[in-house]
Amino acid sequence: MTLEQNVLAKNDAIARDNRAWLRKRDAVALNLMSSPGSGKTTLLERTLTALARSRPAAVIEGDQATSLDAERLRRTGAPVVQVNTGAGCHLDAALVRSALTQLDPKTGSVVFVENVGNLVCPAMFDLGEQRKVVVISVTEGTDKPLKYPYMFAAADLVVVNKLDLLPYVDFDLELCVKHARSVNPDLTLLTLSATTGEGLDTWLNWVAAQ
Amino acid sequence: MHELSITQSVVDEVRSRAGERRVHRVRLEVGALTAVVPSSMLFCFDLVTAGTVLEGAALDIDVTPGRAACRSCGVSFDLPDPVLLCACGSADVSVLAGRELKIVSMEVG
Ligand SMILES: [Zn+2]
């Protein structure tokens with residue numbers, strides 16, 4: 001019996017529904033992915049604080065077990081829905097759909113989806129997001145894009161965080177950019193420090209443009 | 001281990017087509033440029049099919065090699081990994097094959 005059926009067809013159909021659901025509210029979702037320790041939650045905290053005056057924002061926080069990050073983000077005043085994946089190493093479109101229903105974001109919102117911290121599994125799953133963002137930091141290896149090529153190939157934007165630590169670590173920014181472009185020539189990259197705020201404007205402008 | 005949920009998707013799809021019929025074999029096409037490890041899928045398949053109409057079924061995985069075309073020199077070439085680089089030095093290439101993830105067929109009865 002011949003099928004010729006895409007394995008992820010069900011996930012992709014739900015993702016398309018999510019995208020249409022968001023469009024109806026004039027909202028966008030940004031899927032943030034990283035290894036643990038990239039500073040993604042700090043970046044999100046600063047972003048939510050900065051957006052508070054200009055645009056409604058909300059967060060879907062994917063975590064294997066704890067709700068520590070969600071509590072940190074709630075302090076910014078933005079609505080946060082926590083999704084515990086348990087043993088699951090990634091979010092999928094169905095998890096995001098139920099989180100969106102619960103979150104009920106305001107018209108014109110930007111919904112940040114903080115994916116589970118790992119650079120392999122989330123690459124496979126369309127959530128219905130507008131853009132996929134990979135956050136890495138200069139304390140990670142220069143060759144990260146070559147070690148996790150699938151993630152970098154799937155990304156629309158790479159944020160290189162912890163720029164303030166660049167003088168103290170062995171990280172070749174130019175080479176890292178070259179590696180990232182070798183798996184994804186269309187990639188946009190930007191550098192910032194979520195701690196000092198350097199480069200944050202460029203990131204906020206990018207978010208505003210979505 | 002996203003292979004577990006991907007394998008679960010395969011088994012769900014096959015079960016919904018098979019109904020009460022026994023499934024003996026499932027054939028997949030997995031592109032070399034997807035983040036899927038075939039041996040992990042084989043491992044997950046036995047776990048996920050236990051107690052279903054697929055229990056004991058064989059899983060065949062055909063790996064489709066990566067293939068790309070260079071926009072600079074016009075040449076098509078094999079892509080062993082996701083690094084998009086033509087022999088001419090250009091990284092301006094388009095991927096032609098290697099990103100497939102499909103259930104090709106199943107044997108029931
Ligand atoms: Zn060429």
Side-chain angles (χ1 to χ4, degrees), chain A residues 1-15 33 62 64 85-96 115-127 132 134 143-155 175 177-187, chain B residues 1-14 16-19 21 23-37 40-41 59 61 66 68 70-72 79-86 89-95 98-109:
Chain A
M1 186 175 188
T2 312
L3 296 178
E4 291 292 326
Q5 163 86 42
N6 189 330
V7 171
L8 294 173
K10 208 168 269 172
N11 181 78
D12 295 349
I14 300 170
M33 297 168 290
Q64 288 196 307
T85 55
C89 48
H90 58 85
L91 294 173
D92 62 32
L95 286 170
V96 168
N115 217 312
V116 179
N118 105 49
L119 283 179
V120 181
C121 313
M124 298 293 299
F125 297 86
D126 185 2
L127 306 179
K132 286 180 163 66
V134 173
D143 57 356
K144 205 109 204 193
L146 296 182
K147 282 189 174 160
Y148 300 96
Y150 305 108
M151 180 56 77
F152 287 82
L175 187 58
V177 170
K178 198 177 150 218
H179 287 331
R181 290 249 158 83
S182 77
V183 296
N184 186 348
D186 305 321
L187 206 54
Chain B
M1 255 305 245
H2 53 291
E3 281 82 2
L4 183 59
S5 50
I6 289 173
T7 308
Q8 186 69 59
S9 308
V10 170
V11 172
D12 289 347
E13 184 61 36
V14 168
S16 77
R17 308 261 185 149
R21 293 171 297 175
V23 177
H24 301 291
R25 186 173 290 273
V26 177
R27 180 169 292 273
L28 303 182
E29 184 182 349
V30 173
L33 305 181
T34 62
V36 172
V37 180
S40 296
M41 282 199 83
L59 178 65
I61 301 178
C70 178
R71 291 195 195 94
S72 301
L79 214 51
D81 56 49
V83 175
L84 307 173
L85 193 63
C86 177
S90 172
D92 186 17
V93 304
S94 58
V95 174
R99 290 182 172 157
E100 307 75 8
L101 188 57
K102 277 192 302 198
I103 308 170
V104 178
S105 63
M106 60 193 251
E107 267 175 45
V108 292

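Nothing here was measured: the structure is a model prediction, and the numbers come from that model. Letters A, B, ... mirror the listed sequences (proteins, then strands); counts begin at 1.
- A:N6 contributes atom CG, which lies 10.5 Å from atom CD of B:E29 (distance to the nearest 0.5 angstrom).
- Here A:N118 contributes atom CG and B:H2 contributes atom NE2; the two are 9.0 Å apart, rounded to the nearest 0.5 Å.
- A 4.5 Å side-chain heavy-atom check between A:P185 and B:L84 finds at least one atom pair inside the cut-off.
- At least one side-chain heavy atom of B:I6 sits under 4.5 Å from a side-chain heavy atom of A:F125.
- For A:M1, the parts lying near chain B are the backbone and the side chain together; criterion is any non-hydrogen pair under 4.5 Å.
- With A:V7 as reference, B:V10 is the one residue of B:V36, B:V10, B:D12 to meet the side-chain contact (heavy atoms from CB on, under 4.5 Å) rule.
- Contact detail for B:A32 and A:Y150: the closest heavy-atom pair is O-OH, 3.8 Å.
- No option in A:P149, A:S182, A:P145 other than A:S182 meets the side-chain contact (heavy atoms from CB on, under 4.5 Å) test with B:V83.
- To the nearest 0.5 Å, the span separating CD1 on B:I103 from OG1 on A:T2 amounts to 12.5 Å.
- Distance check, rounded to the nearest 0.5 Å: CD of A:Q5 to NZ of B:K102 gives 10.5 Å.
- When side chains are defined from C-beta on, B:S5 does not count as touching A:M124, because their heavy atoms never get closer than 4.5 Å.
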